Visitor: 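Here it is: the structure, laid out below.
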Amino acid sequence: MNRMVLPKQVRLCEVSTRDGFQAEEKWIATDDKVRLIHLLQASGISSMEVTSFVHPLAIPQLKDAEEVVERVRDLPGIALRALVPNVRGAARAARVGIKEVKCILSASDAHSLANTNCTVDEALVKVRSIAEFAAKNGIKASGSLSVAFGCPYEGNVPLVQVKRLIRAYMELGIREITLADTTGMANPKQVFAYFDELKTLFPDAVFSAHFHNTRGLAQANVLAALQQGITEFDSSAAGLGGCPYAPGASGNVATEDLAYLFSETGIETGIDLEKLLQASAEMKKVVGHDGGSFLLQAGIPKKHERPTRQIKGKQV
Ligand SMILES: CC(C)(COP(=O)([O-])OP(=O)([O-])OC[C@H]1O[C@@H](n2cnc3c(N)ncnc32)[C@H](O)[C@@H]1OP(=O)([O-])[O-])[C@@H](O)C(=O)NCCC(=O)NCCSC(=O)C[C@@](C)(O)CC(=O)[O-]
């Protein structure tokens, strides 16, 4: 009998307070952000992209990045990283004690220009400065690649372009690279084929995946990536998320939905699902909505009382 091959363990990186909050127009109080990070950490989340150090006019919701980090950086058992678009952002992050910065890079010029006001090649120059800064200051730099599976402006993104940018990251000493499906254009067959080829071509890279659930394929894409040995995924409590500079972007795959998938299939995450669900419910309450979370809707399965009815005067 053939068996589905699954890893024993995966690592989830929680991105709700960065990707999840960045498009929220209503101000989320810094106290609430800090409280939610505490709840997520208490549920067993061990890795978190906690905020971003970008221009405060580009993402007003995260203008309190320094204060948030200062108030959560000593939390035990959780590695914090921050998204940065340039060396100015990396320096801001380092000043408040961030030990891992994640670079922003898009696989298309159109998304790069909309998101960071520069072409892909100009963005690579900024990534180089971040990598140099990180090496000098003893912090880790990792990389993200937006619109890797398709771009809402340009449509198909050639795999050759994805390879070029991964090679560029690797040449700068950045080995941990996240392929991002910014607006939910990826499908499982494509994800399987991409990782198959990329893992062969870049055996020294450590790939992870960041799926938005815009068209309901995120969990299927996670399964396809798992089949290729990918064991690190970004996800967002309550399914919040979306890049404000990518038309049609919507929530990341919900952390509780992934944690449930992994728990049901015997894959260890270190997460306490009940506590996580409480944190996600609180997240939804603070923000005023969720981004599409199945588990928040349906709950963890439990045994219900069988309903009783009367048929012809008899209890059945
Ligand atoms: C990249 C820039 C800064 C370029 O913006 P720019 O206007 O081209 O920047 P600049 O380098 O010309 O500088 C202009 C001014 O901004 C300042 N500045 C410059 N950098 C910073 C900084 N880091 N922090 C604070 N201030 C900064 C800089 O110091 C200067 O100030 P002035 O001298 O005029 O007073 C801007 O476009 C920006 O901040 N963009 C970020 C957009 C963003 O956060 N998008 C969402 C995150 S990406 C995403 O969601 C995708 C992802 C990762 O989730 C994966 C996926 O799903 O695809």
Side-chain angles (χ1 to χ4, degrees), residues 13-24 48-66 69 81-96 98 100-108 110-120 122-127 129-130 133 141-154 157 162 165 169 174 176-186 207-215 218 221 232-236 239-253 291:
C13 180
E14 176 61 35
V15 297
S16 53
T17 57
R18 196 283 296 169
D19 204 333
F21 287 171
Q22 67 186 8
E24 293 299 326
M48 187 158 193
E49 190 165 292
V50 69
T51 188
S52 62
F53 291 86
V54 297
H55 197 294
L57 289 178
I59 305 285
Q61 185 61 254
L62 302 183
K63 66 183 177 193
D64 57 357
E66 274 87 352
V69 172
R81 74 181 190 214
L83 193 73
V84 300
N86 52 21
V87 76
R88 168 94 199 268
R92 284 177 57 201
R95 220 172 290 131
V96 287
I98 285 286
E100 179 183 345
V101 291
K102 181 138 202 171
C103 304
I104 302 178
L105 196 60
S106 300
S108 77
H111 180 254
S112 186
L113 283 161
N115 198 33
T116 51
N117 197 27
C118 61
T119 64
V120 171
E122 287 163 350
L124 272 175
V125 175
K126 297 183 187 188
V127 171
S129 307
I130 298 170
F133 176 89
S142 56
S144 67
L145 190 56
S146 290
V147 302
F149 300 95
C151 170
Y153 300 103
E154 296 188 11
V157 172
V162 173
L165 297 172
Y169 264 140
I174 296 175
E176 293 186 25
I177 299 165
T178 307
L179 295 197
D181 182 26
T182 312
T183 57
M185 291 172 72
F207 289 111
S208 58
H210 174 112
F211 294 119
H212 286 263
N213 202 20
T214 317
R215 293 176 177 81
N221 290 333
E232 263 194 64
F233 299 94
D234 287 352
S235 61
S236 173
L240 299 174
C243 173
Y245 300 102
S250 64
N252 288 81
V253 64

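When a residue number appears, it is its place in the shown sequence, counting from 1. Because the structure is predicted, anything quoted here is derived from the model rather than measured. Both backbone and side-chain heavy atoms feed into the values below; hydrogens, waters and symmetry mates do not. Remember, it's 1-based here, ligands and their atoms both numbered in the order they're listed.
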Visitor: Considering the options N86, V84, L145, N115, which one meets the side-chain contact (heavy atoms from CB on, under 4.5 Å) requirement together with I104?
Guide: N115

Visitor: Between E176 and S208, is there a side-chain heavy-atom distance shorter than 4.5 Å?
Guide: no

Visitor: Distance under 4.0 Å to a non-hydrogen atom of H212: what atoms of ligand 1 satisfy this?
Guide: 57 (O)

Visitor: Quick one: which ligand 1 atoms are inside 4.0 Å of a heavy atom on A180?
Guide: 55 (C), 56 (C), 57 (O), 58 (O)

Visitor: Is there a side-chain contact between V15 and S236 (heavy atoms, below 4.5 Å)?
Guide: yes

Visitor: Are side-chain heavy atoms of S142 and E100 found at a separation under 4.5 Å?
Guide: yes

Visitor: Between K102 and T178, do the side chains contain an N or O donor and an N or O acceptor separated by less than 3.5 Å?
Guide: yes

Visitor: What pairs with E49 under salt bridge (charged side-chain N to carboxylate O under 4.0 Å, His left out), at least two apart in sequence or on another chain?
Guide: R18, R81

Visitor: Return the NE2 to CG distance between H210 and D181, rounded to the nearest 0.5 Å.
Guide: 8.5 Å

Visitor: Please work out, at 4.0 Å between heavy atoms, whether the side chain, the backbone, both, or neither of I59 comes within that distance of ligand 1.
Guide: side chain

Visitor: Is there a side-chain contact between C103 and I130 in this structure, where contact means two heavy atoms from C-beta onward sitting under 4.5 Å apart?
Guide: yes

Visitor: Starting from atom 6 (P) of ligand 1, which protein heavy atom do you reach first, and at what distance in Å?
Guide: N117 ND2, 3.7 Å

Visitor: Side chain or backbone of S146 under 4.0 Å from ligand 1, or both, or neither, by non-hydrogen atoms?
Guide: both

Visitor: Considering the heavy atoms of G89, write down every atom of ligand 1 situated less than 4.0 Å from one of them.
Guide: 23 (N)

Visitor: Pick, from R88, K126, E49, the option with the minimum heavy-atom distance to atom 26 (N) of ligand 1.
Guide: R88

Visitor: Just go through I104, N86, L113 and tell me whose heavy atom is the nearest to atom 3 (C) of ligand 1.
Guide: N86

Visitor: Using a strict cut-off of 4.0 Å, indicate which atoms of ligand 1 neighbour a heavy atom of N115.
Guide: 37 (O), 40 (N), 41 (C), 42 (C), 43 (C), 45 (N), 46 (C), 48 (S)

Visitor: In terms of atom number and element, which parts of ligand 1 are under 4.0 angstrom from non-hydrogen atoms of D19?
Guide: 54 (O)

Visitor: Mark up the atoms of ligand 1 that fall under 4.0 Å of a heavy atom belonging to A58, in ascending order.
Guide: 38 (C), 39 (O), 40 (N)

Visitor: Look only at interatomic distance and state if S144 has a nitrogen or oxygen under 3.5 Å from any nitrogen or oxygen of ligand 1.
Guide: no

Visitor: Looking only at distances, please establish whether an N/O atom of ligand 1 is found under 3.5 Å from an N/O atom of H111.
Guide: no

Visitor: Record the part of D181 in heavy-atom contact with ligand 1 below 4.0 Å; permitted values are side chain, backbone, both and neither.
Guide: neither

Visitor: List the atom pairs, with distances to 0.1 Å, where a side-chain N or O of residues 50-62 and a protein N or O form a donor-acceptor pair under 3.5 Å, not counting sequence neighbours.
Guide:
residue : atom : partner : partner atom : Å
H55     : ND1  : L57     : N            : 3.0
Q61     : OE1  : I28     : N            : 3.0
Q61     : OE1  : K33     : NZ           : 3.2
Q61     : NE2  : E24     : O            : 2.9
Q61     : NE2  : K26     : O            : 2.9

Visitor: Any heavy atom of R18 closer to ligand 1 than 4.0 angstrom?
Guide: yes

Visitor: Looking only at protein heavy atoms, identify the closest one to atom 39 (O) of ligand 1 and say how far it is in Å.
Guide: H55 N, 2.8 Å

Visitor: Any side-chain heavy atom of L124 within less than 4.5 Å of one from L165?
Guide: yes

